[in-house]
Number of protein chains: 4
Amino acid sequence: MKAEYFTDTFNKISGEKRQKILDVAIAEFSERGFESANVNSIAQKAGISVGSIYKYFENKENLFLTVIHFAVETLRDVLKEIMQSEDDLESRIEKIIRAIQSRTRDNVQLTKLYNEMTTENRSSLVWKIASEMENTTAGLYASFIKQAQEAGEVKDDVDPNAFAFFLDNLFLLLQFSYACEYYKERMKIYIREDIFDNDDLVVEQLMKFIRGAFFSK
Amino acid sequence: MKAEYFTDTFNKISGEKRQKILDVAIAEFSERGFESANVNSIAQKAGISVGSIYKYFENKENLFLTVIHFAVETLRDVLKEIMQSEDDLESRIEKIIRAIQSRTRDNVQLTKLYNEMTTENRSSLVWKIASEMENTTAGLYASFIKQAQEAGEVKDDVDPNAFAFFLDNLFLLLQFSYACEYYKERMKIYIREDIFDNDDLVVEQLMKFIRGAFFSK
Amino acid sequence: MKAEYFTDTFNKISGEKRQKILDVAIAEFSERGFESANVNSIAQKAGISVGSIYKYFENKENLFLTVIHFAVETLRDVLKEIMQSEDDLESRIEKIIRAIQSRTRDNVQLTKLYNEMTTENRSSLVWKIASEMENTTAGLYASFIKQAQEAGEVKDDVDPNAFAFFLDNLFLLLQFSYACEYYKERMKIYIREDIFDNDDLVVEQLMKFIRGAFFSK
Amino acid sequence: MKAEYFTDTFNKISGEKRQKILDVAIAEFSERGFESANVNSIAQKAGISVGSIYKYFENKENLFLTVIHFAVETLRDVLKEIMQSEDDLESRIEKIIRAIQSRTRDNVQLTKLYNEMTTENRSSLVWKIASEMENTTAGLYASFIKQAQEAGEVKDDVDPNAFAFFLDNLFLLLQFSYACEYYKERMKIYIREDIFDNDDLVVEQLMKFIRGAFFSK
DNA sequence: AATGAATGAGCATTCATTCAT
DNA sequence: TATGAATGAATGCTCATTCAT
């Protein structure tokens, strides 16, 4: 972790303690949002003093940015793992969808945080942190699509960048739909009440949707 | 307007005054978020007293919900307008994309508000208001797809509900990408820096994407 | 009172309440200094809420500046009163010395505040308020000395401005010596332990000192 | 140095280190005042740990008192040096004035500290330290005046103690006027804007003032 | 109904001081 | 002895909400 939003002291404390602070802060920020999150409460729940929090982070905002930083790194790690497979585009896409289903359930708070951070306030600061991740995925998706194009799997008049964008939009909202209350309700309305017990249906239909988009003659 | 989140008094004041309050509140909530929005400041900018605000709305939350209510109604009106055309599915979709491009630019604040309201806090209350709209669009999209299916335009193994969901996911993120800073930056990264000067490119590619998804044999 | 450091609201409240706030604030600031003074405590002692304090004054500093403003005005009023007499320079000086003795005892806190405000921090802001008073007295003293010079009472090679400065220095430290603990102890050391029961001695000796300075052949 | 306000440990460290701590502390206290001065910051600037500061001084107040102690000793040394001359009273006074001009410019921080310490808070503790110095100067001035009186230079009805007091008042405010922002501005107002480039004028006029006070027939 | 002054709980942040290493 | 991380009480300030006029 580069020391951009936290002090050197934070780097020196035990990994266990550091993780505890991050976990507590993630929970607080994702449940209550930036403004409502209470620094004193985070300190207490993390079992440290407020003073220490302010030894580790210059202010509440930097604590938030550190949390975002960490969240983004975690999300990107998940992605990298998936992307390393040597499969073809279609298989890769299916893997990603299944990963979104399983991993989002393990990282509900991180995903809520991701939605939270797209909100207006502080978006410029947050963007600096997130842009790296978005850049990575954008590049990856586009290059995969280009490869498929060169292999004749995808039509020539497809703009790889635009299609990468649409693809990630589908993934992003799927993530939110597995984590954020609002989007969960929305998905139940759109598909059906018990959709969260039907992961295969989602995979099957979304694959069909994407397959058509990419591989129709 | 049903008096659910506001008092009868609010209904009785002049339409002009009512609109002024809503406009100011929309601006404040969309720019600063719920927590940071300042009730006293809204009152001042609207040219009324704080006391009056609290005569019209039981508390800040109800003011917010009223604003959401109004925003959702406006957004739904836009949608209805588009949906009333008698075109086929493909033409309808193109119209919607073009409407998102033009109307979102006129309603940046409402769209930001929409993103804001998907955030965790208060999401259950907010959902009550938004669910009606989401229900409407979900139903509309699904029924259009079913019609197309019956007409043989769309394959039989497509789940109209799931496809309606994916379709609206693409629309929703497109909306956000035309209004919210974070998503704007993201779109520029994914497609290209000057994408906001290239509406036709977006229409063309997104149509290609969706057409394939729906109409590939 | 010009509304420079306080809000219009402060001007509108009852004179009694306003005075109470000022009195309490003067006591707090003069006893504990700017940093140690507690705004919450001032509010409580004045029988109002913290919120009100911050409706009246933008921040602690402005409350302090208002208090200084008030203190300076009060001190200047005392001076003006003395200066209005039609006596000759010598009589005037004696009157001033006697006024310092009696009035300082009634305004111990204001005088302590005056000493406090000469301290480094905030001195530039404070100076804006105090400079008017210092200007007034400087001008008055100098013009009196000039008159006396023209009347042949004071030698020609005397610089009225410099002499006004030395004269006021003597007065200022006399004031502090009647109000501030440190200077009180110092005066007891220099003259004698029971000097504060011997006002006439001070008048007599200081008059002798000044008379010689001004009126020696 | 007597170990009154600092521990034995402070005495044992190298003179260089001790001086560094004192220098840094003087700068901090004179620039920011007692309350605003930051112990952690002093430690850091002095290149030692906070822990050490608290090994050397029981608390912030004792550090302050040690600094005052040191400042007072330095100021007294300056005075003693001046007083050792064998000149007559008038020459001595001129020497003092010139010394105030030159030495105050070299010791601006100590002089500011002197003004700071006359402030109410802690004045009783501070007085214990300063009283020795004030006693010394008071005694010296008074004895010189008595000598002059016995030599017939000064009139019999002059109270040497009172005159010593007035004399030192003139000197003290002159010191402050060469070091403290507030008093510097005040002097510019009273005499003239460029007075700090006119040391001779000050000497000449103040000598005239004092000479008259003491030596008028 | 409308006003806007008043309220006070709540929170971010600071910093003198302690103590384990 | 020296270190510097840790502590937590203290305080300036905000803002949703109330209520007398």
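Each chain gets a letter, A, B and so on, in the order its sequence line appears, and its residues count up from 1. Computation of the quantities below employed the complete heavy-atom set of this structure, encompassing side-chain atoms and omitting hydrogens, waters and symmetry-equivalent molecules.
Going from atom NZ of C/K12 over to atom C1' of E/dA6 covers 14 Å, rounded to whole Å. C/I21 has its CD1 atom 11 Å from the C1' atom of E/dA6, to the nearest Å. If you take CZ of D/R18 and P of F/dA2, they are 13 Å apart, rounded to a whole angstrom.
Between B/G51 and C/I53, it is B/G51 whose nearest contact on DNA chain E lies nearer the 5' terminus. A residue-by-residue look at A/I13 and C/E61 shows that A/I13 has its nearest nucleotide of DNA chain F further toward the 5' end. Checking C/N59 against D/G47, the closest nucleotide of DNA chain F that is more toward the 5' end is the one next to D/G47. Nearer to the 5' terminus of DNA chain E, by closest-nucleotide assignment, is the contact made by C/I48 (compared with the other of D/E58 and C/I48).
With distances taken from any side-chain atom of C/V50 to the nucleotides E/dT17, E/dG8, E/dT13, the minimum falls on E/dG8. In the set F/dG12, F/dA6, E/dA6, the nucleotide with an atom closest to the side chain of C/Y54 is F/dG12.
In this model, the phosphate group of E/dA1 is not approached by any side-chain N or O of B/K17 to a distance below 4.0 Å at OP1 or OP2. The side chain of B/S49 contributes no N or O atom lying less than 4.0 Å from OP1 or OP2 of E/dA2. Considering only side-chain N and O atoms, C/S52 lies nowhere under 4.0 angstrom from the phosphate OP1 or OP2 of E/dA5.
Judged by distance alone, with hydrogens and angles left aside, C/K55 brings a side-chain donor or acceptor within reach of the base of E/dA6, the pair sitting under 3.5 Å.
Counting any heavy atom pair closer than 4.0 Å across all strands shown, A/Y56 reaches sugar-phosphate atoms only and no base atom. Within the nucleic acid shown, A/K60 comes within 4.0 Å of sugar-phosphate atoms alone, with no base atom in reach, counting heavy atoms only. Looking at heavy-atom distances under 4.0 Å, C/T9 makes contact with sugar-phosphate atoms alone, never a base.
The ring of B/F64 has its center closer than 6.0 angstrom to the ring center of B/F29. Centroid-to-centroid, the aromatic rings of B/F57 and B/F10 come within less than 6.0 Å.
The neighbour count for A/E58 CD, taken as heavy atoms of other residues, nucleotides or ligands under 6.0 Å away, does not exceed 12. Around the CD atom of B/Q44, the shell of radius 6.0 Å holds no more than 12 heavy atoms that belong to other residues, nucleotides or ligands.
Rounded to the nearest 0.5 Å, atoms NZ (D/K20) and CD (D/E16) are 9.5 Å apart.
Looking at every heavy atom in both residues, A/I48 comes nearest to A/S52 through CD1-CB, 4.1 Å. The two residues D/Y182 and C/M117 have their closest heavy-atom pair at OH-CE, 3.6 Å. Of all the heavy atoms in D/S30 and D/Q109, the pair that sits closest is CB-O, 3.3 Å.
DNA chain F is contacted by B/A37, B/N38, B/V39, B/N40 of residues 23-44 of chain B, taking any non-hydrogen atom closer than 4.0 Å.
In summary, the side chains of A/D23 and A/Q19 do present a donor paired with an acceptor at a separation below 3.5 Å, with no hydrogens or angles considered.
Where DNA chain E pairs in unbroken runs of 3 or more (Watson-Crick or G-U, both distances under 3.5 Å), the stems are E:2-21 with F:2-21.
Each of D/V24, D/I21, D/N40, D/N38 was compared with D/K45 under the side-chain contact (heavy atoms from CB on, under 4.5 Å) criterion, and only D/V24 meets it.
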